[in-house]
Amino acid sequence: MKLELLNFHHLFYFWRVARLGHLTRAAAELHTSQSALSAQIRQFEDRLGEPLFTRQGRRLQLTDTGQLVLSYAEDIFGLGQEMLGRLDGRSEGLTRLRVGSVATLSRNYQENWIRPALADPGMVLTLESGVLEGLLTRLLQHQLDVVLANETVPSDADRPLHCRFLGSQSISLVGPASIWKGRTLRIPEDLDGLDIALPGPRHALRAQFDALCASADVRPRLRAEVDDMAMLRLIARDSGWLTVLPEVVVQDELRAGALVTVGQSTQLQERFYAITTPRRHRIEALERLLSQ
């Protein structure tokens, strides 16, 4: 079949039905009747010469040909969404870079990573924070250009992702200088019974720390567990407790002397990743950030 005979309107209808797996829901989304949508799909199948769906109860199951056509439709309409997103974010002489960051990632780390873009007069930045799965959904829908995370994610045919390792940092134990300046503690051996603030259970670091304490039969006195690194920074600064975190979170307080490093553990590492889609539109500013 020649390309000019391919009905992209039918292909779009097929794509929506295939993604939802249900004619009624797809018809409602597309603001058309179920019978009209079914007729469009049949015309598309007739044009291709092969069935795209089989019916299993109320749901539609893709045939092998349907799976193949869907993979191409995902690319075609995914690139279409990306094009619209880029055009929507483009203004005269400016490039928009849309960065998502998981809520458990240090804002200081994020700022350090995007710092070169802050000095670019031709750059407009959109910064979002959220849970990883929500950010990945927006990335795959081309509503974000990159997601910064502290854990890696798998890639598969249904969710093509590229995860680039940016670096890692040892975890530190910090405390108020008025109490802990000049003192050192071993992690975890010296932490038994001490008041401590920790990253929350969703943070990749937390499981490492808990396992380390359990193996040494050490039980610190947990005073706070905090997912948001900006809030953990404030608690480290103002509570008087010891806090376990990456030093980048409290880099300003350490420089100013309000906090001091009381201990470090090479067994505890926070790793940083930049997640993108393999077929993303190339943005030179993002390429420079990824390669720094």
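The first residue in the sequence is number 1, and the count goes up from there.
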Residue pair [X] / [Y], side-chain heavy-atom distance below 4.5 Å:
X	Y	result
P199	M229	yes
L11	F77	yes
E151	R271	no
V17	L23	yes
L161	L139	yes
L48	V69	yes
R164	L290	yes
I114	L127	yes

Given side chain to side chain contact (heavy atoms under 4.5 Å, CB included), test I283 with R288 step by step and report yes or no.
-> CA-CA 9 Å; I283 305 172; R288 289 194 294 271; over 6 Å; no
Could you walk me through whether L166 and L148 pass the side chain to side chain contact (heavy atoms under 4.5 Å, CB included) check?
-> CA-CA 9 Å; L166 297 176; L148 300 180; 4.1 Å; yes
Approximate separation, where rounding is to 0.5 Å, of [X] [atom1] and [Y] [atom2]:
X	Y	atom1	atom2	result
E128	S101	CD	OG	10.5 Å
E225	I235	CD	CD1	10.5 Å
R16	H22	CZ	NE2	15.0 Å
R223	D195	CZ	CG	4.5 Å
Q43	Y13	CD	OH	11.0 Å
D190	R183	CG	CZ	10.5 Å

For the student: nearest non-hydrogen atoms of [X] and [Y], plus distance:
X	Y	answer
P188	C213	CB-SG, 3.9 Å
M123	A285	CE-CB, 2.9 Å
V102	A149	CG2-CA, 3.9 Å
C163	I275	SG-CG1, 3.9 Å
L62	A18	CD2-CB, 4.0 Å

Stepwise, does the side chain to side chain donor-acceptor pair (under 3.5 Å) test hold for S170 with Q269?
-> CA-CA 5 Å; S170 295; Q269 295 275 331; 3.0 Å; yes
Checking [X] now: which residues fulfil side-chain contact (heavy atoms from CB on, under 4.5 Å) with it, not counting sequence neighbours?
X	value
E45	I41, R42, P51, L52, F53
T32	A27, L30, A36, L37
E189	R186
Q169	P246, E247, V248, F272

Say whether [X] and [Y], considering side chains only, have a donor N or O and an acceptor N or O under 3.5 Å apart.
X	Y	value
Q61	T54	no
T63	T65	no
Q251	N112	yes

Going only through I, L, V, M, F, W and Y residues with side-chain contacts under 4.5 Å, is there a path from L60 to L20?
-> no
Tell me, please, which residues at least two apart from H31 pass ring-ring contact (aromatic ring centres under 6.0 Å, His included).
-> none
ring-ring contact (aromatic ring centres under 6.0 Å, His included) partners for W241, two or more places apart |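 Per chain and number, W241 pairs via ring-ring contact (aromatic ring centres under 6.0 Å, His included) with no residue.
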Is a side-chain N or O of [X] found less than 3.5 angstrom from the main chain of [Y], in a donor-acceptor match?
X	Y	value
R98	H142	yes
R107	L105	yes
D192	P220	no
H203	T104	yes
Q292	W113	yes
S172	V174	no

Which ILVMFWY residues are connected to [X], directly or by a chain of links, through side-chain heavy atoms under 4.5 Å apart?
X	value
L68	Y72
L194	I171, L173, I179, W180, L185, I187, L191, I196, L198, L205, F209, L212, V218, L222, L242, V244, V260, V262, L268
F165	Y273

Identify whether the distance between the nearest side-chain nitrogen and carboxylate oxygen of E74 and R19 falls below 4.0 Å.
->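 Looking at R19 together with E74, the answer is yes, because their closest N to O distance falls below 4.0 Å.
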Would you list the atom pairs, donor with acceptor, under 3.5 Å between side chains in residues 130-137 and any protein atom, with sequence neighbours excluded?
unit_1, atom_1, unit_2, atom_2, d
E133, OE1, R159, NH1, 2.9
E133, OE2, R159, NH1, 3.4
T137, OG1, E133, O, 3.1

Which residues share a side chain to side chain donor-acceptor pair (under 3.5 Å) with R237, sequence neighbours left out =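 Once residues adjacent in sequence are excluded, R237 has no partner under the side chain to side chain donor-acceptor pair (under 3.5 Å) criterion.
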For T24, side chain to side chain donor-acceptor pair (under 3.5 Å) partners two or more places apart |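 Per chain and number, T24 pairs via side chain to side chain donor-acceptor pair (under 3.5 Å) with Q34.
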Atom CG of D64 with >12 non-hydrogen neighbours under 6.0 angstrom = no
Which of parallel (below 30°), tilted (30 to 60°) and perpendicular (above 60°) describes F14 and F44?
->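 The arrangement is tilted - the two ring planes meet at 30° to 60°.
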CA sep, side-chain torsions, deciding dist, call: T243, L232, side chain to side chain contact (heavy atoms under 4.5 Å, CB included) | CA-CA 8 Å; T243 308; L232 190 59; 3.8 Å; yes
